[in-house]
Amino acid sequence: MYPDLKDKVVVITGASSGIGKAMAEEFGKNGAKVVVNYRSSAEEAEQVAETVRNNGGQAVIKKADVSKEEEILALIQTAIDEFGSLDIMINNAGTEKAVPTVEMTAEEFKRVMDINLTGAFIGSREAAKYFIAHHIKGTIINISSVHDIIPWPNYVNYAASKGGMKMMMETMSMEFAPAGIRVNNISPGAIMSAHTRDKFTDPETLAQTEKMIPMGMIGQPEQVATVATFLASQNASYITGETIYVDGGMTKYPSFMGGKG
Ligand SMILES: NC(=O)C1=CN([C@@H]2O[C@H](COP(=O)(O)OP(=O)(O)OC[C@H]3O[C@@H](n4cnc5c(N)ncnc54)[C@H](O)[C@@H]3O)[C@@H](O)[C@H]2O)C=CC1
Ligand SMILES: CC(=O)C(C)=O
C-alpha cells in the first residue's frame, strides 16, 4: 500500500471492466477517491464503485464516451465537483477488432484512433491544464499495449494507436516535467479481461499465446493494477517518460527461448 495515495483523486476511463476495474479497486485499497468512468453499463460501474468503497476508498461513477471531447471534459469536471480536485488521470479505455488492412475502412481506422489515442490525448491535455493551473504535481498514466512496439497484423488501427500513444506520452513527459507532472505508460501483454476472455478461454488459442510468453502464462488485471498504483505513488516520484511492460516477457523475443536462433 502507498500511504500518499490516500484521498488522492483519480479518474480512470473504461473502469467498469477488466484492467480499469482492477485499477479502480486497487486505488480503493489505497484510500483514493476514484471516478469510475463507463460507457454503457451503469450497473457494472456501480458494482466497481461499491468495491472501491468496501476497500476503503471513495467512488462515484460517470458515463462518458472518450471519443467525444465534451464528454471527457465533463468526466474531469466530475472529479472536481465531487472530490474537489484531480491528482491522477488514467487513460485506460480502449478497443480493438481484427480487420485485414486492405479491407479496413477509413471509418474503422478512425474509430479506434478516436477512442485509444485521441481520447487519451484529450484526457492528458485536460488533466495537465488542471494540474498546471492549480500547481498540482499530478500524474498521467496511459494503458498502452505491447503493440506499441510489436507490429500486429490485422490490427493496424490498434497498433498505430498504441504506437502513437508511446510517442505522445514521451513528448508530453518532457513538456510537463518542469511543472513536476509525470507522464508514463503501462503496456500490458496478454491479460485476461472482458475483451480477451473469449480467445483465452479457447484452449488452443491459450496454448498458442502462452508459447509467446517466456513466463508461460497470461496475466491478470490485478498484475497491471499494482503497477498503476506504484507509478502514481511517491515511490515512483523520479519516473517520467517511461513505458513499463507488464507482459511476462512477451516483448523479449520469446522465439529465441532455449537458445534457438
Ligand atoms: N487485455 C489485454 O490483453 C490487453 C489490454 N490492453 C489495453 O488495456 C485497456 C483495457 O482493456 P481491457 O481491460 O483488457 O478490456 P475491457 O474490454 O475489459 O476494458 C476496456 C474498457 O474500455 C471501455 N471503452 C471502450 N470504448 C470506450 C469509449 N469510447 N468510451 C469509454 N469507455 C470505453 C469499455 O467499456 C471497457 O470498460 C485497453 O486500452 C486495452 O487496449 C493492452 C494490452 C493487452
Ligand atoms: C489487446 C492487446 O494488446 C493484446 C496484447 O492482446
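No experiment lies behind these values; they were computed from the predicted model shown. First listed ligand is number 1; within each ligand, the first listed atom is number 1.
- Inclusion of S145 in the set of residues having an N or O under 3.5 Å from an N or O of ligand 2 is warranted.
- With no hydrogens or angles considered, a side-chain donor-acceptor pair links S67 and D65 at under 3.5 Å.
- Per-residue contacts place I191 under 4.0 angstrom from the following atoms of ligand 1 (heavy atoms of the residue considered): 1 (N), 2 (C), 3 (O).
- When heavy-atom distances to ligand 1 are checked against a 4.0 Å cut-off, Y38 has no atom that comes that close, whether in backbone or side chain.
- Counting heavy atoms under 4.0 Å from ligand 1, residue A190 touches it through the backbone alone.
- In the displayed structure, K162 atom NZ is contacted under 6.0 Å by more than 12 heavy atoms of other residues, nucleotides or ligands.
- Heavy-atom distances between T13 and ligand 1 stay at or above 4.0 Å for every pair.
- Heavy-atom contacts from other residues, nucleotides or ligands closer than 6.0 Å to CE of M215 number 12 or fewer.
- With ligand atoms numbered from 1 in the order given, ligand 1 contributes 1 (N), 2 (C), 3 (O) to contacts under 4.0 Å with heavy atoms of T196.
- Here N92 has heavy atoms under 4.0 Å from ligand 1 in both its backbone and its side chain.
- Under a cut-off of 6.0 angstrom, the local environment of NZ in K252 is crowded, with over 12 non-hydrogen atoms contributed by other residues, nucleotides or ligands.
- For A64, the closest heavy-atom approach to ligand 1 falls below 4.0 Å.
- At a 4.0 Å heavy-atom cut-off, ligand 1 touches D65 through backbone and side chain alike.
- Taking every heavy atom of S144 and a limit of under 4.0 angstrom, the matching atoms of ligand 1 come to 6 (N), 7 (C), 42 (C), 43 (C).
- For the pair I143 and ligand 1, a heavy-atom separation below 4.0 Å is found.
- Looking at D148 and S187, their side chains do bring a donor and an acceptor atom within 3.5 Å of each other.
- Atom numbering of ligand 2 starts at 1 in the shown order; those under 4.0 Å from a heavy atom of H195 are 1 (C).
- Numbered from 1 in the order shown, with element, the atoms of ligand 1 that lie under 4.0 Å from a heavy atom of I19 read 5 (C), 8 (O), 13 (O), 14 (O).
- What you find for S124 and N91 is that their closest heavy atoms are OG-ND2, 3.1 Å.
- No part of K162 comes within 4.0 Å of ligand 2, judged by heavy-atom distances.
- In terms of protein heavy-atom proximity, atom 1 (C) of ligand 2 is closest to E96 OE1, 2.8 Å.
- Residue contacts with ligand 1 include G189, since one or more of its heavy atoms lies under 4.0 Å from the ligand.
- Contacts of P221 with ligand 1, taken as heavy-atom pairs under 4.0 Å, are absent altogether.
- Here the protein heavy atom with the shortest distance to atom 6 (O) of ligand 2 is K199 NZ, 3.8 Å.
- Residue contacts with ligand 1 for K162 involve side-chain atoms from C-beta outward but no N, CA, C or O (heavy atoms, distance under 4.0 Å).
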Salt bridge (Lys or Arg N to Asp or Glu O under 4.0 Å), that's the test. Do E170 and K166 meet it? Break it down for me.
CA-CA 6 Å; E170 291 181 15; K166 180 168 163 58; 2.9 Å; yes
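- Of the heavy atoms in M250, none comes closer than 4.0 Å to ligand 2.
- In V146, the part holding a heavy atom less than 4.0 Å from any atom of ligand 2 is the side chain.
- In terms of protein heavy-atom proximity, atom 2 (C) of ligand 2 is closest to Y158 OH, 3.5 Å.
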